[in-house]
Number of protein chains: 2
Amino acid sequence: MASETESQVATGENSGGDDGGADGDGAFTTPDDSFGGVTPDAARRLLLGAVEAFAERGFHATTTRDIAGRAGMSPAALYIHYKTKEELLYQISRVGHERSVRILTEAARTDGEGGDSGGDGEDAPVRLVRAVRSFVRWHAEHHTTARVVQYELSALNEEHYAEIVGLRRRSEELLRGVLEDGEASGEFAIADIRGTTLAVMSLCIDVARWFSPQGRRTPEEIGALYADLVLRMVTAPAPAPR
Amino acid sequence: MASETESQVATGENSGGDDGGADGDGAFTTPDDSFGGVTPDAARRLLLGAVEAFAERGFHATTTRDIAGRAGMSPAALYIHYKTKEELLYQISRVGHERSVRILTEAARTDGEGGDSGGDGEDAPVRLVRAVRSFVRWHAEHHTTARVVQYELSALNEEHYAEIVGLRRRSEELLRGVLEDGEASGEFAIADIRGTTLAVMSLCIDVARWFSPQGRRTPEEIGALYADLVLRMVTAPAPAPR
DNA sequence: GTCTATATCTAGATAGAC
DNA sequence: GTCTATCTAGATATAGAC
């Protein structure tokens, strides 16, 4: 398998506690060190170059020369670290999707951060707000990576694509679980749980497409706005004042 | 300019009343005749082939041979009708974006279909529901075209890109107008109108990315669901029942 | 307007010196 | 592990016959 080259990508899943705390993620990571765990250095620089290039121009329009150039290397050097251009995309996708799953796992759990939740999933709104807020923040903060992760999937080979789809399903299930819990407890009033789950995922993901650091809102602000909008989506509206 | 080749694309803006009635759009159009006005026949077939191919594989990964093949022609024949591959994308984008503007213009107007609205923009919720419903329906029904229209913009040349961005701004302004009217009349309770406008646009647009005709919902059902979700987004939530 | 044939270029990937 | 040089394939676009 292409994924078992010896100089390969560390997921970050086990790479120490420097960037995945309970309060979300990205707050104290620099603009794009999603690949901090990758060694050797050249392999990481190539990955970062690939992310930039793929985000700017798309996978197919990006040349290996371009990627190598951004990493300060010759075109041939790329192939020491990655078998193909597609393998670069796969590593980016995998790390990004694993991060998504982790963010949502963290946010969706019932034993909230420091809170003394009674136990029976009473706090679905808190979990939902936390999930949307940190998921959106990640897509804005790491919009370059996220753009590649979310919009270049079709360039993966079949095997890699299947693996990524599995991770996406896990993310969706995590979010749906929160909506189901809230519906069961009466905190939410949702007409179509599966459909609403999809809509919320879609809303969060699409942040990566339009977000710009030059825009008028910070990732934090967008996260807060979106959390509020989503909370309204799952809550029965008040009768319109006349 | 590339856009003035003699055998070129009719917008559909003036092409008769066969598919843009007051009750939305797409209901009685076949799966993809967004380009019904294009003549000669070969030019239209090429456009349809390009839409399919771009949607499946992306602009850069699509070869002119592929497009020509789908249209039942040799690679060279393409260049009789279009100067470059990019021009095909431009025509697809332009027609699609003009359709979006038209759908939103139609839906956002204050003199609703047959209704006797008093006159002072009392019916913002109706306008919003109508807008979201038909905009979403278009993105689902024509998801192949919409995918190209929404996700391949970066492959346009600078001049064409600028033109398309102008159309996108018009769409956004149409939607924002509805939210502003509803906020002014007290029908809506929106914290951040610009941000909410963006979120709603984003939600609708992203339907094109994930929609599949094999999925469990029809375009109509998704449109209805989304209209409800968006209406909740702009309405003050009822206090949670305890 | 369409075809066959082809010019020209550029991409991904490899060979082999250092 | 990195470089220079290069192989090979396939892309866009054009030429010229029909």
Side-chain angles (χ1 to χ4, degrees), chain A residues 1-9 35 38-54 56-92 148 152 154-157 160, chain B residues 1-3 5-9 35 38-54 56-92 152 154-157 160:
Chain A
M1 307 297 163
S3 62
E4 290 305 333
T5 315
E6 90 285 4
S7 68
Q8 219 39 278
V9 172
F35 307 97
V38 181
T39 53
D41 188 63
R44 197 186 67 252
R45 293 203 319 273
L46 285 165
L47 222 44
L48 292 173
V51 166
E52 267 186 47
F54 291 162
E56 276 175 29
R57 318 165 46 77
F59 176 81
H60 291 289
T62 298
T63 68
T64 53
R65 284 166 174 78
D66 183 6
I67 296 170
R70 289 177 198 248
M73 300 161 79
S74 77
L78 188 150
Y79 294 92
I80 295 154
H81 302 282
Y82 300 94
K83 273 208 264 299
T84 63
K85 189 171 80 160
E86 190 268 352
E87 201 198 333
L88 275 161
L89 176 63
Y90 167 62
Q91 295 301 345
I92 294 163
V148 178
E152 301 291 334
S154 64
L156 290 170
N157 71 33
H160 290 158
Chain B
M1 301 307 157
S3 61
T5 315
E6 90 284 4
S7 69
Q8 217 40 276
V9 173
F35 307 97
V38 181
T39 52
D41 187 63
R44 198 187 68 250
R45 293 204 320 271
L46 285 165
L47 222 44
L48 291 173
V51 166
E52 266 187 47
F54 292 162
E56 275 176 29
R57 321 165 44 78
F59 176 81
H60 291 289
T62 297
T63 68
T64 51
R65 282 169 173 77
D66 184 5
I67 296 170
R70 289 177 198 249
M73 302 161 79
S74 77
L78 188 152
Y79 294 93
I80 296 156
H81 302 281
Y82 301 94
K83 271 208 266 298
T84 62
K85 190 171 78 160
E86 190 268 351
E87 201 198 331
L88 275 160
L89 177 63
Y90 166 63
Q91 296 300 347
I92 294 163
E152 302 290 335
S154 64
L156 291 170
N157 72 32
H160 290 159

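The basis for the numbers below is simple: all heavy atoms, side chains too, and nothing from hydrogens, waters or symmetry mates. Below, chains carry the letters A, B, ... as their sequence lines are ordered, and counting in each starts from 1.
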Quick one: [X] [atom1] to [N] [atom2], roughly how many Å, whole number?
| X | N | atom1 | atom2 | result |
| --- | --- | --- | --- | --- |
| A/R45 | D/dT2 | CZ | P | 7 Å |
| A/I80 | C/dG16 | CD1 | P | 16 Å |
| A/D41 | D/dG1 | CG | P | 12 Å |
| A/Y79 | D/dC3 | OH | C1' | 15 Å |
| B/K85 | D/dA11 | NZ | P | 9 Å |
| B/Y82 | C/dT2 | OH | P | 12 Å |
| A/R65 | D/dA5 | CZ | C1' | 11 Å |
| B/L88 | D/dA11 | CG | P | 16 Å |

Fill in: Which nucleotide in C/dA5, D/dA13, C/dT2 has an atom nearest any side-chain atom of B/A77
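Nearest listed nucleotide: C/dT2.
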Worksheet entry | A/H60 vs C/dA11: side-chain N/O to OP1/OP2 distance below 4.0 Å |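 False: A/H60 side-chain N/O out of range (4.0 Å or more) of C/dA11 OP1/OP2.
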Worksheet item: Starting at the 5' end of DNA chain C, which residue's closest nucleotide do you reach first, A/T63 or B/P75?
Response: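 Checking each residue's closest nucleotide, the 5'-ward one belongs to B/P75.
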Item to complete: Could you label the plane-to-plane angle of the A/F59 and A/F54 rings as parallel, tilted or perpendicular, counting under 30° as parallel and over 60° as perpendicular?
Response: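 Answer is tilted, since the angle falls between 30° and 60°.
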